[in-house]
Student: 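Sharing a structure below in structure tokens format, with a few things to ask.
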Amino acid sequence: MSNLDHLHQPDCLFCKIVARKIPSRVVYEDEEFFAFHDIHPWAPVHFLLIPKLHIHSMAQLDDRHANMMGRMMVLVPKLAKQEGCNPYPEGGFRLLTNTGAEGGQEVHHLHFHVMGGPRPWARG
Ligand code: AMP
Ligand code: ZN
């Protein structure tokens, strides 16, 4: 944990989603991670995978987060398959994370976008 990690930030949209204070369509939950459908999907499959721990963005990561981030990465293909992304290589998925204003980040709780399904997509 770094100084910018907090178990829960009361004013954070995604912390509120994890706490069920704001409803979401849940894709997955365990002790460490939470995944839910994006409210404005760009693709037939579009969900967000987040650590329950409040970390603002990729910019705050350090060596202490390496194992947690590794566990998050290996969840991606499992959840993509569960949510209906077609098999690699004809199918597959896109993994995207925006960091900071110039990176296009709007919600400042670290999240991976996982997108897939038949094209065309709304964006990208
Ligand atoms: P970013 O621009 O990478 O910070 O992405 C934030 C994402 O959160 C956008 O794709 C939004 O559509 C999504 N989003 C915002 N509010 C909600 C919500 N209440 N439930 C699900 N997704 C949301
Ligand atoms: Zn948060």
Side-chain angles (χ1 to χ4, degrees):
M1 300 242 297
S2 75
N3 292 337
L4 288 167
D5 294 345
H6 304 278
L7 287 177
H8 175 79
Q9 281 220 334
D11 57 350
C12 169
L13 175 64
F14 288 175
C15 285
K16 288 181 187 166
I17 285 177
V18 170
R20 306 297 213 279
K21 289 179 182 156
I22 292 176
S24 70
R25 290 173 54 219
V26 180
V27 163
Y28 177 81
E29 179 171 19
D30 66 21
E31 284 182 6
E32 250 183 329
F33 304 110
F34 196 85
F36 53 101
H37 290 277
D38 196 292
I39 205 165
H40 294 127
W42 308 359
V45 176
H46 186 174
F47 63 88
L48 304 174
L49 173 61
I50 71 174
K52 287 185 171 177
L53 184 70
H54 180 93
I55 302 171
H56 296 322
S57 79
M58 293 290 284
Q60 281 71 41
L61 295 181
D62 61 38
D63 290 347
R64 291 168 293 181
H65 298 108
N67 290 341
M68 186 271 282
M69 290 304 292
R71 290 190 291 275
M72 191 163 151
M73 290 293 283
V74 299
L75 260 180
V76 170
K78 291 182 197 170
L79 298 183
K81 185 176 177 194
Q82 173 190 304
E83 293 308 304
C85 292
N86 292 314
Y88 176 92
E90 292 81 8
F93 52 84
R94 175 177 287 177
L95 180 64
L96 173 73
T97 184
N98 297 323
T99 304
E102 293 183 349
Q105 186 177 10
E106 292 178 358
V107 179
H108 289 260
H109 180 132
L110 175 63
H111 54 281
F112 287 169
H113 296 254
V114 183
M115 288 165 277
R119 287 176 179 269
W121 295 356
R123 292 167 72 181

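Indexing begins at 1, ligand by ligand and atom by atom, following the structure's order.
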Student: Distance check, rounded to the nearest 0.5 Å: Cys12 atom SG versus His54 atom NE2?
Tutor: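 It comes to 5.0 Å.
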Student: Can you give me the closest heavy-atom contact between Asn98 and His113, atom names plus distance?
Tutor: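 Scanning both residues, the minimum pair turns out to be ND2-NE2, 4.0 Å.
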Student: Between Leu79 and Phe112, is any pair of side-chain heavy atoms under 4.5 Å apart?
Tutor: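 The answer is no, as the side chains (C-beta and beyond) never meet within the 4.5 Å cut-off.
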Student: Can you name the closest pair of heavy atoms from His111 and Val107 and give their distance?
Tutor: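 Scanning both residues, the minimum pair turns out to be CE1-O, 3.2 Å.
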Student: Between His108 and His56, is the ring centroid distance below 6.0 Å?
Tutor: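 Judged by ring-centre distance (under 6.0 Å), His108 and His56 do not meet the cut-off.
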Student: Report yes or no: do Leu48 and Leu96 belong to one cluster of Ile/Leu/Val/Met/Phe/Trp/Tyr joined by side chain heavy-atom distances under 4.5 Å?
Tutor: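 In one cluster with Leu48: Leu96, no.
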Student: At distances under 2.8 Å, what protein N, O or S atoms surround the Zn ion (ligand 2)?
Tutor: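 The answer is Cys12 SG, Cys15 SG, His54 ND1, His109 ND1.
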Student: Would you check if the distance from the ring center of Phe14 to the ring center of Phe34 is below 6.0 Å?
Tutor: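 Between Phe14 and Phe34, the centre distance exceeds or equals 6.0 Å.
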Student: Kindly work out whether a path of hydrophobic side-chain contacts (I/L/V/M/F/W/Y, heavy atoms less than 4.5 Å apart) joins Phe93 to Leu75.
Tutor: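 Yes, because Phe93 and Leu75 connect within a single hydrophobic cluster, where side-chain heavy atoms sit under 4.5 Å apart.
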Student: Students should find this: residues with any non-hydrogen atom under 4.0 Å from ligand 1. What is the answer?
Tutor: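 If the criterion is a heavy atom under 4.0 Å, then ligand 1 touches Leu13, Phe14, Ile17, Phe36, His37, Asp38, Ile39, His40, Leu48, Asn98, Gly104, Gln105, Glu106, Val107, His111, His113.
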Student: Just one of Glu29, Glu32, His8 clears the side-chain hydrogen bond (donor to acceptor under 3.5 Å, both in side chains) bar with Lys52, so which one?
Tutor: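 Considering Glu29, Glu32, His8, a side-chain hydrogen bond (donor to acceptor under 3.5 Å, both in side chains) with Lys52 is found only for Glu29.
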